[in-house]
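Structure first, commentary second.
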Amino acid sequence: MDKRGTPQPTADRLPCGAVPAHSRHWLDGSGLRPLTLAGRTLLPIVQGGMGVGISAGGLAGTVAAAGAVGTIASVDLRRLHPDLMERTAHLDKSPAARACIDAANDEALDREIRRARALAGGYGMIAVNVMRALSAYERYVRQALVSGADAIVVGAGLPLDLPDLARDYPHVALIPILSDARGVQVVVRRWMKRGRLPDAIILEHPRLAGGHLGAARVADVHDRRFDFDVAVPEVRDFLIREGVEREIPVIVAGGISSHAEVQRLQALGAAAVQLGTAFAVTAEADAAEAFKRVLAQARPEDLVEFISVAGLPARAVRTPWLEKYLRLEPRMQSMAHPKRRCNMGFDCLTRCGLRDGVAEMGQFCIDQQLGHALAGDVQRGLFFRGAGRLPFGDAIRPVQDLLRWLLGQHVTAAAPA
């Protein structure tokens, strides 16, 4: 029972509606505990948010339909909608560009949430990931709330204001992405002063995750404090001291690829796991097939860490564009200077190394390069990827296969655990 005396669910006692029958069957005998989140009982698997457009309504809805948490990445979803791109593509030099693009992205996010909810059929949970570093952060949060998201997930900065933004939506789960116990303490204590607790915390390991990483510098991603055997007990100890350990499940993210790893992390105190890259290469992911092949075929030596234009460490596949950029980066940083306007007329970030002329930050347009990746342009795209091996090697498999594999079910031709 929790502190209110409510019986806690077990794998053989899941409430109807949260997890469909076939998924409840997968969980039976898995040795795993279900995830209890915002009053719902779910599979202990979370699909991470991946932009631009990699995890949209198609992927998130498919994951939720199985009784897990599917996540839509909010940024620049107009790229998945030809009519919205046609409406805004010519505006890059117009003074009205940002307002028009923001409006198109609001509409795109609404469409993707509705698409995901239709696919989910009432099962699982639909979350929307919003980077705190985005200039449209508040817009995306508000649109996700209005459009019916079940949860808002925020990373790339401390979302200290999220409880205020979601004050009128008390039943929507609020979930920060953090990397260590210090960050957890700051967020939880600040939120408690606002009368709100996180509904869960995603604890993401910078050494293992993909995309933007929760560390101040590239050198910091290997700091021992981020290791799960350090961070999870420290976070749990803090939550216990505050008397909220039953209210805030801890979800760990980074480098997870097998049922045995999920078991180990639950034994450590985690309630669930989050995976990004493994879902990005599923058949239902919203990116082009060429995008999926780049991630699936990348070897450990193909991955590189660098400073993004957002000023955060990042991890991606060393493709032709990134190879050239890293070679030219010192020269570009030495020539950095503030620009009159964003190259794309979009101003997607609150702080942009290229637009603002900040020499120690990246000097490229991240929206443009991620857009090329979404379309499968191997020569020009920026392909974010986690550091862990993939469950099925270089194979593109359905979401159902991945979930079954993580829950300990037999899946034909799976990579060894």
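These numbers were taken from a predicted model, which means no experiment stands behind them.
Proximity of T41 to V19: side-chain heavy atoms (C-beta onward) are nowhere separated by under 4.5 Å. Side-chain contact between I152 and Y169: absent, with no pair of heavy atoms (C-beta onward) separated by less than 4.5 Å. At a threshold of 4.5 Å between non-hydrogen side-chain atoms, the residues F226 and V221 do not count as touching. No side-chain heavy atom of F279 sits under 4.5 Å from any side-chain heavy atom of T71. Contact annotation: the side chain of I248 never approaches that of V184 to less than 4.5 Å [non-hydrogen atoms, C-beta and beyond].
One distance of note links CD1 of I54 with OG1 of T277; it measures 10.5 Å at 0.5 Å rounding. To the nearest 0.5 Å, atom OG of residue S308 and atom CG of residue L370 are 8.5 Å apart. In this structure, OG on S257 lies 10.0 Å from CZ on F392, to the nearest 0.5 angstrom. Considering CZ of R115 and CG of L80, their distance stands at 7.5 Å, rounded to 0.5 Å. Atom CG of D394 and atom CZ of R389 lie 13.0 Å apart (nearest 0.5 Å). Rounding to the nearest 0.5 Å gives a distance of 3.5 Å between CG of L174 and CZ of R196.
A donor-acceptor pair under 3.5 Å links the side-chain atoms of D302 to the main chain of R299, judged by distance alone. Panel note: side chain D150, backbone I126; a donor-acceptor pair is recorded below 3.5 Å. E234 places no side-chain N or O within donor-acceptor distance of the main-chain N or O of D180, the cut-off being under 3.5 Å. Looking only at distances, a side-chain donor or acceptor of Q409 sits under 3.5 Å from a matching main-chain atom of W26. For S74 (side chain) and N129 (main-chain N/O), a donor-acceptor pair under 3.5 Å exists by modelled atom type. The backbone N or O of V304 lies less than 3.5 Å from no partner atom in the side chain of R318, so there is not a single donor-acceptor pair. Using a distance-only test at 3.5 Å, with no hydrogens or angles considered, a donor-acceptor pair links the side chain of S55 to the main chain of M50. A donor-acceptor pair under 3.5 Å is formed between the side chain of D286 and the backbone N or O of A56. Using modelled atom types, no side-chain atom of R87 and backbone atom of A104 make a donor-acceptor pair closer than 3.5 Å. Side chain of R79 to main chain of P82: no donor-acceptor pair is present (N/O by atom type, distance under 3.5 Å, no hydrogens or angles).
What you find for I240 and E245 is that their closest heavy atoms are CA-OE1, 3.5 Å. Taking both residues in full, the closest heavy atoms of L312 and L213 are given as CB-O, 4.4 Å, listed atom of the first, atom of the second, then distance. Across all their heavy atoms, P206 and G214 have their closest contact at CG-O, 3.6 Å. For V188 against L239, the heavy-atom pair with the smallest separation is CG2-CD2, 4.5 Å. Nearest approach of G148 to I113, heavy atoms of both residues: C-CG2, 4.2 Å. In plain terms, the two heavy atoms of M332 and Q363 that are nearest each other are CE-O, 2.9 Å.
Sparse packing is recorded around CZ of R190, with 12 or fewer heavy atoms of other residues, nucleotides or ligands lying under 6.0 Å away. At most 12 non-hydrogen atoms from other residues, nucleotides or ligands lie less than 6.0 angstrom from CZ of R351. Heavy-atom neighbours of K339 NZ from other residues, nucleotides or ligands within 6.0 Å: above the threshold of 12. Heavy atoms from other residues, nucleotides or ligands lying under 6.0 Å from CD of E86 number 12 at most. More than 12 heavy atoms of other residues, nucleotides or ligands shown are found within 6.0 angstrom of NE2 on H22.
F384 and F306 have parallel rings, their planes meeting at less than 30° on a 0 to 90° scale where 60° marks the start of perpendicular. The aromatic rings of H205 and F228 stand perpendicular to each other, their planes meeting at an angle above 60°, with 30° marking the opposite boundary.
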- request: Show the numbers, then the answer: is there a side chain to side chain contact (heavy atoms under 4.5 Å, CB included) between L32 and H259?
  value: CA-CA 9 Å; L32 301 177; H259 172 249; 3.8 Å; yes
message: I'd like to know whether H81 forms a side chain to side chain donor-acceptor pair (under 3.5 Å) with E112, so could you lay out the CA-CA distance, the side-chain angles of the two residues, the decisive distance to 0.1 Å, and finally the verdict.
response: CA-CA 10 Å; H81 298 269; E112 294 301 323; 2.7 Å; yes
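For Q143, the side chain to side chain donor-acceptor pair (under 3.5 Å) partners are S147, not counting sequence neighbours.
With V252 as the fixed residue, the side-chain contact (heavy atoms from CB on, under 4.5 Å) test singles out one of L268, V235, L265, I202: L265.
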